[in-house]
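Labels below follow one simple rule: chain letters A, B, ... track the order of the sequence lines, proteins then strands, and each chain is numbered from 1. No hydrogens, no waters, no symmetry mates; every other heavy atom, side chains included, goes into these values. These numbers were taken from a predicted model, which means no experiment stands behind them.
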Amino acid sequence: MEKPGLPSGTRDFGPETMIQRKYILSIMQQVFESHGFGALETPALENLKTLQGKYGEEGDQLLFKVLNSGDFLSKADNQWLAEKNSKALAPSISDRGLRYDLTVPMARFVVMNRDKISFPFKRYQMQPVWRADRPQKGRYREFWQCDIDVVGANSIVSEAELIEMYQEVFAQLKLGVVIRINHRGILDAFVPMAGSLEAWQQFMIVIDKADKIGSDGVVKELNERGLCNTVAAWEFLEKTQELPTNEDKLAALRSFADGLNNQEFKERLVRGVFDISKILTLVESNQNVHLDVSLARGLSYYTGTVMEVVVDDGKVPADFKIGSIGGGGRYDNLTGMFGLKDVSGVGVSFGLDRIYDVLQAAALLPSAGTEKHESCLVCAMDEACLDYAYDLCNRLRKQGEKIELYPGTPKLKKQLEYANQRNFGSAIIIGDSEMEQKTYVMKNLVTGAQETRKFPQ
RNA sequence: GCGGUUAUAGCUCAGGUGGUUAGAGCAUCAGCUUGUGGCGCUGAGGGUCGCCGGUUCGAGUCCGGUUAAUCGCCCCA
């Protein structure tokens, strides 16, 4: 016999878990809608052409590709097939893949529906995404993202609003968080120092890990990767990072900009500093919004502000470690990749599954509850009473009662055990005598008391 | 793609240095209780010890391989 199992990195969510997941989702939905964001859903499957080239080289490799249907091998590339070169063969046997995030499908939707959309387009989207990487703690192959995006407006009031929406959601979830914020323009300033765009990209990957591997670790890894001339850049960033307040950091960046010769990168840096400063002013309470000059974020489509949410709450056990539980940023070129130019967008994502894991570790999820609920289970003693019981159910339900009929007529003991396990507050018992007398027995499952009532007309 | 750990009943796990018929708790089913639940007691069913091979008189236990899960690395929510 075949033993059932799940593919690695995927999970089932039973009724108890779903109550808790929906609790999180409903808070987000309420906040999103209160800010005027409308719902969007897109298919799990997208054309690979839509997805590829948006997430960087690493991201492309993590795309789940779906085999073409039918006799796909007849169209396969013979050379690569013979050489068993899977990577090169893939494009000839797979045209579609599972979405990797919600931002790119949204951008595709915007471009395809530009005639129907009134810009700025504000949408929220809460759906699963798939990534073919090695699962581990807090890391799944199928997981849910909850995205909010503003497309077609380049004012940074959107950034401020999104940050405040992060704050609202996590406040309602009673979870303390820190929102780390940075600007690609600030990091761009180090391209000349790195020497090449490629070296700069590697530099960003390394400094992004600063909070994990420490400053010494960053220096070590930069040297190992042969990025010796970026060490000075890191030393400046590190010194900036150690400054106590956002204002101090911004001031340090401004004076750094004054010393830059390259006009183009100087302008980008100044712009970045200006934007961050403005956002921090707009956000009403910005104590938990920290400028973090080492924050880079992996997705290659970000061009302006980048942000990330990390847990900062004493209720979470100290040994519970998980990466960021949300992130996002501004992207100026995403729709441009699909042929719609000069449309700027900004959006953030909530990582539902990690938020769930954190809330569980912090004991902040609503418990399944041992209290009896108000539903009533109707138990019929035998087949002859079942019609009568079914009729009674319908009548009581029409009176507004929450009522369920046990589907079948096993022993009463068994039916009452079921009522207990499901936490019914009361049970109705129907036997021959009740049927004859046109009554029913109502039993309170908490107190055990029971009384006979008349069958409703 | 690279390392570490684990794999025994439906679930969670025990099973020193190899040795009769592989155990427990929970869950399931039945009975104590003919139309009354939670608690309790009694009993029953349920196993190719992941898979393949090796060492041995003898392997759940030791060795090699393999598959899967899981935790790290890379990268990311």
Handout entry: d(CD1, A:Ile213; P, B:rG72) in whole Å
Key = 17 Å
Fill in the blank from the handout: Judged by nearest nucleotide, the residue sitting upstream toward the 5' end of RNA chain B, A:Ala449 or A:Ile205, is A:Ala449
Exercise for the section: Look through every strand shown and name the nucleotide pairing with B:rA30 as Watson-Crick or G-U wobble, where both distances are under 3.5 Å. Expected result: B:rU42
Practice task
If B:rA59 has a Watson-Crick or G-U wobble mate with both distances under 3.5 Å, name it; if not, just say none.
Solution key: none
Practice task
Measure the distance from OH on A:Tyr418 to P on B:rU36 and round it to the nearest whole Å.
Solution key: 21 Å
Problem - Under 4.0 angstrom between A:Gln136 side-chain N/O and B:rC71 OP1 or OP2 - result: no
Exercise for the section: Evaluate the side-chain contact (heavy atoms from CB on, under 4.5 Å) criterion for residues A:Phe13 and A:Gln20: first the C-alpha distance (whole Å), next the side-chain angles of each, then the deciding distance (0.1 Å), finally the verdict. Expected result: CA-CA 10 Å; A:Phe13 303 113; A:Gln20 301 175 318; over 6 Å; no
Problem - Residue-phosphate contact under 4.0 Å: A:Lys209 side-chain N/O, B:rC75 OP1/OP2 - result: yes
Exercise for the section: Could you grab the distance from atom CZ of A:Phe190 to atom CG of A:Asn229, nearest 0.5 Å is fine? Expected result: 13.0 Å
Handout entry: Euclidean distance for P, B:rU70 against B:rC75 (whole angstrom)
Key = 22 Å
Exercise for the section: Mind running side-chain contact (heavy atoms from CB on, under 4.5 Å) on A:Leu48 and A:Asp95 for me, showing each step along the way? Expected result: CA-CA 6 Å; A:Leu48 273 178; A:Asp95 295 330; 5.9 Å; no
Handout entry: Watson-Crick or G-U counterpart of B:rC11, or none if no pair lies under 3.5 Å
Key = B:rG25
Handout entry: Heavy-atom donor-acceptor pair, A:Gln202 side chain to A:Ala199 backbone, under 3.5 Å
Key = no
Exercise for the section: Determine which nucleotide pairs with B:rU66, using a 3.5 Å limit on both distances of a Watson-Crick or G-U wobble pair. Expected result: B:rG50
Practice task
May I have the distance from A:Arg141 (atom CZ) to B:rC76 (atom C1'), rounded to whole angstrom?
Solution key: 14 Å
Problem - Nearest-Å distance once atom C1' is located in both B:rC11 and B:rC76 - result: 33 Å
Handout entry: Earlier contact from the 5' end, RNA chain B, for A:Val441 and A:Gln421
Key = A:Gln421
Practice task
Just say parallel, tilted or perpendicular for the rings of A:Phe424 and A:Tyr418, cut-offs at 30° and 60°.
Solution key: tilted
Handout entry: B:rG3: pairing nucleotide in any strand, Watson-Crick or G-U under 3.5 angstrom
Key = B:rC71
Practice task
Considering just the side-chain nitrogens and oxygens of A:Arg422, establish if one lies under 4.0 Å of OP1 or OP2 belonging to B:rG37.
Solution key: no
Practice task
Report which part of the nucleic acid A:Glu142 touches: base, sugar-phosphate, or nothing (heavy-atom distance under 4.0 Å, all strands).
Solution key: nothing
Practice task
Would you indicate which nucleotide in B:rC75, B:rU70, B:rG37 comes nearest to any side-chain atom of A:Pro135?
Solution key: B:rU70
